[in-house]
Visitor: 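Have a look at the structure that comes next, please.
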Amino acid sequence: MDAKFQAILDSLPPKLPRSKLEPYADLIRELRKRERSYREIAGLLKERCGVNVGVHTLYSFVRTRGIGEADGRIAERAGTGVPASGSTGRHRRSRSAPPRNER
């Protein structure tokens, strides 16, 4: 690389984390492994760390960083073959769909 470009790169300060949750990523990861809900984690962060965060913000933080994927909880519940959403893969009728005529 050109020395001029390297000097520019070396002069730049390190980029700060974009999320206030970044310092707590390991804690959040461990709490999700222990099957704590997002609401519980948000409460713990507020009580113990003084970090006020919304449940949806916490959920987005976890999903965008792949926290929880390593243990397979996002893809499916451990060993059950059931997706984490609780769906069994069967399609459900929408709530607005009329009932079927059953004979």
Side-chain angles (χ1 to χ4, degrees):
M1 181 179 291
D2 186 359
K4 181 179 177 182
F5 294 153
Q6 189 61 49
I8 292 170
L9 293 172
D10 292 342
S11 70
L12 295 174
K15 196 169 182 177
L16 296 175
R18 293 183 64 187
S19 172
K20 65 182 178 183
L21 295 175
E22 201 66 52
Y24 307 98
D26 291 336
L27 174 62
I28 294 167
R29 179 177 293 111
E30 188 60 34
L31 289 167
R32 289 298 296 155
K33 283 182 183 178
R34 294 179 183 202
E35 300 184 8
R36 296 294 181 159
S37 71
Y38 293 105
R39 188 177 309 275
E40 288 175 304
I41 295 171
L44 286 168
L45 288 171
K46 186 174 184 176
E47 281 177 26
R48 306 278 177 98
C49 303
V51 176
N52 193 17
V53 62
V55 174
H56 185 73
T57 302
L58 180 59
Y59 172 84
S60 296
F61 176 81
V62 168
R63 295 301 182 210
T64 58
R65 281 153 185 84
I67 295 174
E69 286 182 0
D71 61 1
R73 196 173 320 107
I74 289 175
E76 63 180 71
R77 291 186 190 147
T80 65
V82 176
S85 66
S87 171
T88 60
R90 292 184 222 138
H91 296 286
R92 293 183 178 181
R93 282 183 284 161
S94 71
R95 293 179 190 262
S96 61
R100 294 183 192 169
N101 290 335
E102 297 188 23
R103 297 176 188 194

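As the structure is a computational prediction, the values presented were derived from the model and not from experiment.
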Visitor: Is the side chain of Glu40 donor-acceptor paired with the backbone N or O of Ser37 at a distance under 3.5 Å, no angle test?
Guide: yes
Visitor: Evaluate Leu44 against Leu27 for side-chain contact (heavy atoms from CB on, under 4.5 Å), listing each step before the verdict.
Guide: CA-CA 10 Å; Leu44 286 168; Leu27 174 62; over 6 Å; no
Visitor: Let me confirm one number: the OH-OG1 distance from Tyr59 to Thr64, rounded to the nearest 0.5 Å.
Guide: 10.5 Å
Visitor: Grab the two heavy atoms, one from Ala42 and one from Val55, that are nearest each other, plus how far apart they are.
Guide: CB-CG2, 4.4 Å
Visitor: Run the side-chain contact (heavy atoms from CB on, under 4.5 Å) check on Arg65 and Glu22 step by step: do they pass?
Guide: CA-CA 10 Å; Arg65 281 153 185 84; Glu22 201 66 52; 3.0 Å; yes
Visitor: With respect to Leu45, which candidate in Leu31, Ile28, Asn52 satisfies the side chain to side chain contact (heavy atoms under 4.5 Å, CB included) definition?
Guide: Ile28
Visitor: Within 45° of the axis and under 6.0 Å from the centre of the six-membered ring of Tyr38, does NZ or CZ of Arg32 qualify?
Guide: yes
